[in-house]
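All values derive from a computational prediction rather than experimental measurement.
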Amino acid sequence: MKRETLFLKIAVILIGMPVLALCVLGLPMVVRGNEGYFPTYWLYPVIIGMYLSAIPFYFALYRAFKLLCDIDMNKAFSESSVKSLKYIKYCASMIGILYAAITPFMYLMAELDDAPGLILIGLVITFGSVVVAVFAAVLQKLLRNAIDIKSENDLTI
């Protein structure tokens, strides 16, 4: 492994660990602790949405790790990199849509519990994933243009 991307690869792995701990330990504790307090038709859509959002999250982390491996192998300007950015964009969009769908349930739960921070969690994750999707789309477009310019220059004598 090259030193340039080693820190980023470690960061990608460390980003995935708290989410895994939340899925394995945190969310079941939330369900057990609040089962009688909130109606189940409010609680379970939120929990299911959080579990479903873990799937595109880990797929995006995998594609980010793959992108870093491409950079290590001096294939940063390749179709594989563009494809990785495209998948990261789609995954971030899916996470944003999932959290936008469960935020109304979080609002109802926050109103019942008088906890405005719960609404903030849904909104921050929604807007954060939209920012990541837009950033990945911009990088994908820039990389596509750089690849086109590079291939044009390779054809020129």
Side-chain angles (χ1 to χ4, degrees), residues 1-31 42-107 109-110 117-157:
M1 248 188 267
K2 290 190 178 182
R3 291 189 88 152
E4 294 87 22
T5 59
L6 179 64
F7 174 73
L8 294 174
K9 287 180 181 180
I10 291 171
V12 165
I13 292 169
L14 290 177
I15 287 170
M17 286 183 184
V19 175
L20 182 64
L22 181 69
C23 287
V24 172
L25 302 173
L27 292 179
M29 286 188 340
V30 168
V31 170
W42 290 353
L43 183 62
Y44 285 121
V46 172
I47 299 298
I48 290 169
M50 288 180 173
Y51 274 121
L52 286 177
S53 67
I55 297 167
F57 176 76
Y58 279 109
F59 187 70
L61 283 183
Y62 164 73
R63 292 309 288 204
F65 195 85
K66 190 168 184 201
L67 181 63
L68 291 171
C69 289
D70 286 345
I71 291 170
D72 274 348
M73 293 185 291
N74 291 329
K75 292 194 281 181
F77 296 102
S78 66
E79 286 300 319
S80 175
S81 298
V82 173
K83 200 180 219 183
S84 291
L85 286 170
K86 180 178 78 169
Y87 286 132
I88 290 171
K89 175 181 70 173
Y90 290 153
C91 290
S93 300
M94 286 173 43
I95 292 170
I97 290 169
L98 277 169
Y99 272 90
I102 66 172
T103 299
F105 293 105
M106 291 175 130
Y107 173 76
M109 291 167 57
L118 193 59
I119 301 167
L120 224 55
I121 291 171
L123 292 176
V124 166
I125 293 174
T126 301
F127 291 124
S129 61
V130 168
V131 167
V132 170
V134 168
F135 188 67
V138 168
L139 283 178
Q140 179 188 0
K141 181 74 172 165
L142 286 173
L143 190 59
R144 165 65 46 216
N145 289 342
I147 290 171
D148 291 343
I149 290 170
K150 182 179 180 255
S151 65
E152 212 173 276
N153 286 343
D154 287 345
L155 294 174
T156 307
I157 296 175

Quiz item: Are Lys86 and Arg63 close enough that some pair of their side-chain heavy atoms sits under 4.5 Å apart?
Solution: no

Quiz item: Could you give the distance from OG1 (Thr126) to CE (Met106), rounded to the nearest 0.5 Å?
Solution: 8.5 Å

Practice problem: Could you walk me through whether Val82 and Gln140 pass the side-chain contact (heavy atoms from CB on, under 4.5 Å) test, one step at a time? | Solution: CA-CA 6 Å; Val82 173; Gln140 179 188 0; 3.9 Å; yes

Practice problem: Find out whether Met94 and Lys89 are in side-chain contact, i.e. whether some heavy atom of one side chain is under 4.5 Å from a heavy atom of the other. | Solution: no

Exercise. Take Phe57 and Ile15 through the side-chain contact (heavy atoms from CB on, under 4.5 Å) test and state the conclusion after the steps.
Key: CA-CA 10 Å; Phe57 176 76; Ile15 287 170; 3.6 Å; yes

Practice problem: Could you tell me the separation between the CG atom of Leu98 and the OG atom of Ser93, rounded to the nearest 0.5 Å? | Solution: 11.0 Å

Practice problem: Evaluate the criterion side-chain contact (heavy atoms from CB on, under 4.5 Å) for residue pair Cys69 and Lys9; output intermediate values, then yes/no. | Solution: CA-CA 9 Å; Cys69 289; Lys9 287 180 181 180; 3.7 Å; yes

Quiz item: Parallel under 30°, tilted from 30 to 60°, perpendicular over 60°: which one fits the rings of Phe59 and Tyr62?
Solution: tilted

Quiz item: Can you name the closest pair of heavy atoms from Ile102 and Val46 and give their distance?
Solution: CD1-O, 3.9 Å

Exercise. Report the distance from atom CD1 of Ile71 to atom OG of Ser81, rounding to the nearest 0.5 Å.
Key: 6.5 Å

Exercise. Measure the shortest side-chain to side-chain distance between Asp148 and Glu152 over non-hydrogen atoms and say whether it is less than 4.5 angstrom.
Key: no

Quiz prompt | Closest approach of Leu143 to Ala76 (non-hydrogen atoms, all atoms of both residues) | solution = CD1-O, 3.6 Å

Quiz item: Say you draw a straight line from CG of Leu22 to CE of Met29; how long is it, rounded to the nearest 0.5 Å?
Solution: 9.0 Å

Practice problem: For residues Gly16 and Leu61, report the shortest heavy-atom separation together with the two atoms involved. | Solution: CA-CD1, 3.6 Å

Quiz item: Rounded to the nearest 0.5 Å, what separation is found between the SG atom of Cys91 and the CD1 atom of Ile55?
Solution: 10.5 Å

Self-check item: Separation between CG of Leu139 and CZ of Phe135, rounded to the nearest 0.5 Å
Solution: 4.0 Å

Quiz prompt | Over all atoms of both residues, closest heavy-atom pair of Phe77 and Ala146 | solution = CE2-CB, 3.7 Å

Self-check item: Heavy-atom pair with the smallest gap, counting every atom of Pro56 and Ile95
Solution: CG-CG1, 3.8 Å

Quiz item: Which atoms form the tightest heavy-atom contact between Ser53 and Tyr99, and what is the distance?
Solution: OG-CE1, 3.4 Å

Quiz item: Hey, is OH on Tyr58 packed in by over 12 heavy atoms from elsewhere, all under 6.0 Å?
Solution: yes

Quiz prompt | Positive for side chain to side chain contact (heavy atoms under 4.5 Å, CB included) with Ile10, one of Val12, Leu8, Leu14, Ile13 | solution = Leu14

Quiz item: Within a reach of under 6.0 Å around CZ of Phe127, are more than 12 heavy atoms found that belong to other residues, nucleotides or ligands?
Solution: no

